[in-house]
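Scroll down for the structure; my scribbles are underneath it.
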Amino acid sequence: MKTSRKILILAVIAALCLTLAACGHAVPSGIVEMDPETGAGTASFTMVVPKNGAPDVGNNFVEPNGDDGPNNTGYITSPDALLTLMQNNVPEGFTVTMEEVTKMVGREDEFGDIDNVDEGSFDYTVTFSFNGIDDLNAKLKQWLPQRYWDAAAQVLTFEVKEATLSDGSLTLDMHILDVITQWAYTVISTDTTGAVVDGGSGFDYVYCYNLAKSTLTVKLGDAETTEQYDSVAMDVTAGKSDEPVATDPPATKPAETDPPATQPTESQPAPTTEPTDKPDAGLTAGAVAGMIAAVVAVAAVILVVVLRKRNK
């Protein structure tokens with residue numbers, strides 16, 4: 001009975017963690033475009049911040065509460081205040097824009113009446129241009145200094161790779177979105193302008209972002225590839241080899257696109273601990289086969305023991 005009770009408690013805790021992870025989030029995404037002839041291009045990274053009332057999100061923005069003042073159910077004082085905060089935290093030559101997205105949805109209230117509710121968002125986009133692969137990586141480091149790459153690596157337990165251009169293919173590591181969320185979280189959690197309410201203790205990193213819905217698009221000329229975060233291909237490649245990176249790729253592909261970004265390379269030993277806030281990238285076919293074989297072996301041993309007891 002005690003064992004069953006412990007299992008039930010663990011199940012409840014797990015469900016609670018999943019619920020917390022589905023609240024309050026902004027969703028990051030990115031689009032990187034390059035001209036294959038000149039190497040020039042643009043990069044745009046967007047943070048989608050759901051409006052209050054969006055399902056499974058909670059309130060992101062503080063709402064007026066009549067004569068009593070703001071009710072502080074959200075942590076962002078206003079969409080415009082957040083825009084100004086972000087604009088003040090990017091280098092010269094980078095632009096930040098905001099777009100309001102309206103999504104009217106009919107909801108039934110407790111009396112059976114249908115109310116139209118805006119489940120849209122405020123989308124904040126950081127954009128910059130570059131003139132080659134080296135300039136792209138330099139601009140990313142200019143916007144996102146090394147401390148943010150280190151913070152992302154600490155969570156992921158492996159390093160985030162820089163962009164590469166090889167054999168007519170442009171490749172970006174999907175985990176650049178982790179670096180960007182580290183920057184954004186630092187900006188809002190250390191704000192002193194009043195744009196963010198209780199930014200130091202009212203929320204945490206896991207609460208703020210939902211990477212599971214994130215995407216990264218890479219364009220090289222007419223070639224274009226879009227991948228979802230936590231897909232098999234965490235290296236997003238466009239060009240001559242713009243197919244998704246397989247778990248067992250041909251040896252002829254460039255070395256930097258051979259392994260999935262979630263797997264350690266020879267120069268990067270496997271971590272001794274699992275990532276703290278990322279789901280497993282998935283089991284390989286060999287691992288699954290090994291697990292099945294192990295289960296079959298255990299079942300066979302149990303069957304033999306049972307048969308021997310019956311014979312006795």
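Because the structure is predicted, anything quoted here is derived from the model rather than measured.
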Review point. What pairs meet the salt bridge (charged side-chain N to carboxylate O under 4.0 Å, His left out) rule with one or both residues in residues 77-87, with sequence neighbours excluded?
Key: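 As it turns out, there is no salt bridge (charged side-chain N to carboxylate O under 4.0 Å, His left out) pair with a partner in residues 77-87 once direct neighbours are skipped.
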
Practice item. Mind jotting down which residue pairs meet the salt bridge (charged side-chain N to carboxylate O under 4.0 Å, His left out) criterion with at least one end in residues 119-129? Sequence neighbours excluded, please. Key: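 Qualifying pairs, neighbours excluded: Arg107-Glu119.
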
Side-chain heavy-atom pair [X], [Y] within 4.5 angstrom cut-off:
X: Leu82; Y: Phe122; result: no
X: Leu140; Y: Leu136; result: yes
X: Trp183; Y: Val90; result: yes
X: Leu165; Y: Met34; result: yes
X: Pro79; Y: Glu100; result: no
X: Pro28; Y: Leu211; result: yes
X: Met86; Y: Phe94; result: no
X: Phe45; Y: Ile176; result: yes

Review point. Would Asp167 and Ser169 count as having a side-chain donor-acceptor pair, cut-off 3.5 Å?
Key: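 No, because no side-chain N or O of Asp167 sits under 3.5 Å from a partner of the opposite role on Ser169.
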
Point to revise | Matching residue for Thr225 among Leu216, Thr171, Val236, Leu172 - test: side chain to side chain contact (heavy atoms under 4.5 Å, CB included) | key: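 Exactly one candidate clears the test, Val236.
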
Review point. Hey, any chance Val27 and Val126 share a hydrophobic cluster, counting ILVMFWY side chains that come within less than 4.5 Å of each other, even indirectly?
Key: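 Shared cluster, no.
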
Point to revise | Hphob cluster co-occupancy, Leu83 + Val48, side-chain heavy atoms under 4.5 angstrom | key: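 No.
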
Of the non-hydrogen atoms in [X] and [Y], which two are nearest, and what is the gap between them?
X: Ile76; Y: Val49; result: CD1-CG1, 4.1 Å
X: Tyr205; Y: Asp178; result: OH-O, 3.8 Å
X: Ala238; Y: Ala223; result: CB-O, 3.9 Å
X: Asp230; Y: Met234; result: N-SD, 3.3 Å
X: Thr127; Y: Thr125; result: OG1-CG2, 3.5 Å
X: Pro50; Y: Ala26; result: CD-CA, 4.2 Å

Exercise for review: Can you spot which of Trp149, Tyr229, Tyr148 makes a ring pair (Phe, Tyr, Trp, His ring centres under 6.0 Å) with His175?
Suggested key: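 Among Trp149, Tyr229, Tyr148, the one that satisfies the ring pair (Phe, Tyr, Trp, His ring centres under 6.0 Å) with His175 is Tyr229.
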
Which residues share a salt bridge (Lys or Arg N to Asp or Glu O under 4.0 Å) with [X], sequence neighbours left out:
X: Lys213; value: none
X: Asp150; value: none
X: Asp118; value: Lys51

Practice item. Using modelled atom types only, decide if a donor and an acceptor are shared between the side chain of Lys103 and the backbone of Ser121 within a distance under 3.5 Å. Key: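 A pair under 3.5 Å: no.
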
Between [atom1] on residue [X] and [atom2] on residue [Y], distance to nearest 0.5 Å:
X: Phe128; Y: Thr42; atom1: CZ; atom2: OG1; result: 9.0 Å
X: Ile188; Y: Asp191; atom1: CD1; atom2: CG; result: 9.0 Å
X: Phe130; Y: Asn137; atom1: CZ; atom2: CG; result: 9.5 Å
X: Glu99; Y: Thr102; atom1: CD; atom2: OG1; result: 9.5 Å
X: Thr164; Y: Leu170; atom1: OG1; atom2: CG; result: 7.0 Å
X: Ile31; Y: Thr226; atom1: CD1; atom2: OG1; result: 7.5 Å

Review point. Restricting to pairs with a member in residues 30-40, which pass side chain to side chain donor-acceptor pair (under 3.5 Å), not counting sequence neighbours?
Key: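 Listed by first then second residue: nothing to list.
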
Practice item. Tell me, with the steps shown, if Asn60 and Asn52 meet side chain to side chain contact (heavy atoms under 4.5 Å, CB included). Key: CA-CA 6 Å; Asn60 286 321; Asn52 295 354; 4.3 Å; yes

